[in-house]
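Positions are given from 1 along the sequence. The figures here come from the full heavy-atom set of this structure, side chains too, leaving out hydrogens, waters and symmetry mates.
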Amino acid sequence: MYGFMLAGAADPGLVADALSEAFDLPLRLVDVAPESEMEHRNWDAMVTCDYEVTSGDIHCLLSVYGAEEVTSPPGEEELARILARKSDAPVLISWGTLPWIRKVVRPEGRATFARVEERDDEGAGYRVYATEDAVAAFPGAAVEKFPEVVRDVPVATPVADGLFSGSDSHDVAGEVRRLLWAWEAMISRMAADWPPSHWYGAEMYREDLQSRDQLELALTTMNPEARATVAAVLPALDARFRSLTVDDGGSELATALQPTAQHLPVEPWYWRRRPARAPWA
């Protein structure tokens, strides 16, 4: 099943054309009807779509089902792109683990992210109250970056994942594992050019450097054997961080955090380094 939010009028013909193209099926094997319609349906269809007209920024909800005979169904985003192009309106799809976040696929094919909420006034429907890039269909939405989207992207952290796996999150080993994970995750994001939008907030970067500070302190409270385990892997992570950053004395980060960076540290060494491309610019 696919679920879509359409920021355009519900046109069954256009939706049927999009589904026919996406599933590579003739129109006679596609059925599009209001969700309340039960009598006049094409029960021989291999792809069916129920739609519900709504109010607010989202004009229509689509639920698409493919029969078992459909052997090569399109991906959700691929289908959203075809629907957006055919309907000449943005199509929103679910993304990640955050229920209020939707990925917005625009008619020209570009994508961005939106925060969506159900309207709490008398009219049913949905409100798009923020987008990462300006979208003409949502003129009332604030345009801003979404830190929670960045944090929700899975990243590879094999070093942290392999340490103290049986530790309790409230003991020293668990805390060290959490802090090491934060350091490794930031490095992995930087190596991947900051997915999914090539952006990373300066405040988020500062928080990661603070986690590295906390890691250094936490190591002093570990027993010698556990501390040696971390000491065996941490230099490689630090070396990778150095390879992806440049030493500018901390000026770029301090400028980005003004006026809150009056007491930004320049020690230890990592506070003086910034990504080769500042992702908060």
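In this structure, Leu61 and Phe4 have side chains that are not in contact, with every pair of non-hydrogen atoms separated by 4.5 Å or more. For the pair Tyr129/Phe138, no side-chain contact is recorded, criterion being any heavy-atom separation below 4.5 Å from C-beta on. With contacts defined as side-chain heavy-atom distances shorter than 4.5 Å, the pair Val176/Leu215 qualifies. By the 4.5 Å heavy-atom criterion applied to side chains, Leu253 and Leu209 are counted as neighbours. Contact check for Val15 versus Val64: no side-chain heavy atoms found under the 4.5 Å cut-off. In this structure, Arg189 and Tyr205 have side chains that are not in contact, with every pair of non-hydrogen atoms separated by 4.5 Å or more. Considering only heavy atoms from C-beta on, Leu19 stays 4.5 Å or farther from Leu27 through its side chain. Between Val128 and Leu92, some side-chain heavy-atom pair lies under the 4.5 Å cut-off.
Closest non-hydrogen pair, Leu6 versus Ser87, comes out as CD1-OG, 3.5 Å. The two residues Gly8 and Cys60 come nearest to each other via the heavy atoms O-CB, 4.2 Å. Pairing each heavy atom of Asp208 with each of Ala182, the nearest pair is OD1-O, 4.2 Å. When all heavy atoms of Ala202 and Ala256 are compared, the closest pair comes out as CB-CB, 3.7 Å. Here the shortest heavy-atom pairing between Asp213 and Pro268 reads OD1-CD, 3.6 Å. The two atoms that bring Pro275 and Val246 nearest to each other are O-CG2, 4.4 Å, heavy atoms only.
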Take Val47 and Tyr65, measure what side-chain contact (heavy atoms from CB on, under 4.5 Å) needs, and give me the verdict at the end. CA-CA 6 Å; Val47 173; Tyr65 307 86; over 6 Å; no
Residues Phe113, Thr131; criterion side-chain contact (heavy atoms from CB on, under 4.5 Å); working and verdict: CA-CA 6 Å; Phe113 293 95; Thr131 56; over 6 Å; no
Kindly determine whether Phe241 and Met186 satisfy side-chain contact (heavy atoms from CB on, under 4.5 Å), including the steps that lead there. CA-CA 9 Å; Phe241 175 82; Met186 185 268 284; 3.6 Å; yes
Full working for side-chain contact (heavy atoms from CB on, under 4.5 Å) between Asp44 and Arg28: CA-CA 9 Å; Asp44 294 325; Arg28 61 183 175 81; over 6 Å; no
ring-ring contact (aromatic ring centres under 6.0 Å, His included) between Trp199 and Phe146, intermediate numbers included: CA-CA 9 Å; Trp199 174 85; Phe146 298 171; 9.0 Å; no
Under the salt bridge (Lys or Arg N to Asp or Glu O under 4.0 Å) criterion, do Arg277 and Asp193 qualify, and how do the steps go? CA-CA 9 Å; Arg277 180 191 67 81; Asp193 197 21; 2.9 Å; yes
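Between atom CD of residue Glu252 and atom CZ of residue Arg274 there is a gap of 5.0 Å, rounded to the nearest 0.5 Å. Separating the CG atom in Leu29 from the CG atom in Asp24 is a distance of 11.0 Å, to the nearest 0.5 Å. We find the OG1-CD distance between Thr54 and Glu52 to be 6.5 Å, quoted to the nearest 0.5 Å. Here CD of Gln210 is found 11.5 Å from CG of Leu179. Values are rounded to the nearest 0.5 Å. We find the CD-OH distance between Glu216 and Tyr270 to be 6.0 Å, quoted to the nearest 0.5 Å. Atoms CG and CG, from Asp88 and Leu14 in turn, are 9.5 Å apart once rounded to the nearest 0.5 Å.
A donor-acceptor distance shorter than 3.5 angstrom exists from the side chain of Thr112 to the backbone of Asp133, with no hydrogens or angles considered. Not a single donor-acceptor pair under 3.5 Å links the side chain of Thr221 to the backbone N or O of Leu217. Checked by atom type and distance alone, the side chain of Arg106 never pairs as donor or acceptor with a backbone atom of Pro90 at under 3.5 Å. At distances below 3.5 Å, at least one donor-acceptor pair connects side-chain atoms of Thr255 with backbone N or O atoms of Ser251. A donor-acceptor contact shorter than 3.5 Å is absent between the side chain of Arg119 and the backbone of Tyr126. In this structure, the side chain of Arg102 engages the main chain of Pro99 through a donor-acceptor pair within 3.5 Å.
Between Arg127 and Asp57 there is no salt bridge, since no side-chain nitrogen of the basic residue lies less than 4.0 Å from a carboxylate oxygen of the acidic one. Arg41 has a carboxylate O that lies under 4.0 Å from a charged side-chain N of Asp31, or vice versa, which qualifies the two as a salt bridge. A salt bridge does not link Glu108 to Arg85: none of the charged side-chain nitrogens sits closer than 4.0 Å to a carboxylate oxygen.
Taking the side-chain hydrogen bond (donor to acceptor under 3.5 Å, both in side chains) definition, one finds that Ser211 meets it with nothing, sequence neighbours left out.
Placement of Met5 and Leu62 in two distinct hydrophobic clusters is found when ILVMFWY residues are connected by side-chain heavy-atom separations under 4.5 Å, directly or transitively. Residues Ile187 and Val230 share a single hydrophobic cluster, defined by chaining ILVMFWY side chains whose heavy atoms lie under 4.5 Å apart. Criterion: ILVMFWY side-chain heavy atoms under 4.5 Å apart, direct or through other members. Under it, Tyr2 and Trp95 are not part of a common hydrophobic cluster. Clustering ILVMFWY residues whenever any of their side-chain heavy atoms sit less than 4.5 angstrom apart, transitively, puts Leu83 in the very cluster that holds Ile93. Side-chain heavy atoms closer than 4.5 Å link hydrophobic residues (I, L, V, M, F, W, Y) into clusters, and following such links, possibly through other members, connects Met204 to Trp271.
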Acceptor/donor pairs from residues 147-164 side chains to any protein atom, 3.5 angstrom cut, sequence neighbours excluded:
| from | atom 1 | to | atom 2 | distance (Å) |
| --- | --- | --- | --- | --- |
| Glu148 | OE1 | Arg115 | NH2 | 3.1 |
| Glu148 | OE2 | Trp100 | NE1 | 3.1 |
| Glu148 | OE2 | Arg115 | NE | 2.7 |
| Glu148 | OE2 | Arg115 | NH2 | 3.2 |
| Arg151 | NH1 | Tyr200 | OH | 2.7 |
| Arg151 | NH2 | Glu207 | OE1 | 3.3 |
| Asp152 | OD1 | Thr97 | OG1 | 2.6 |
| Asp152 | OD2 | Thr97 | N | 2.8 |
| Asp152 | OD2 | Thr97 | OG1 | 3.3 |
| Thr157 | OG1 | Asp161 | OD1 | 3.1 |
| Thr157 | OG1 | Asp161 | OD2 | 3.2 |
| Thr157 | OG1 | Trp181 | NE1 | 3.1 |

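In this model, a donor atom of one side chain and an acceptor atom of the other lie less than 3.5 Å apart for Ser197 and Glu132.
Pairs of residues two or more places apart, or lying in two chains, that qualify as salt bridge (Lys or Arg N to Asp or Glu O under 4.0 Å) and include a residue from residues 236-247 are Arg212-Asp238, Asp247-Arg272.
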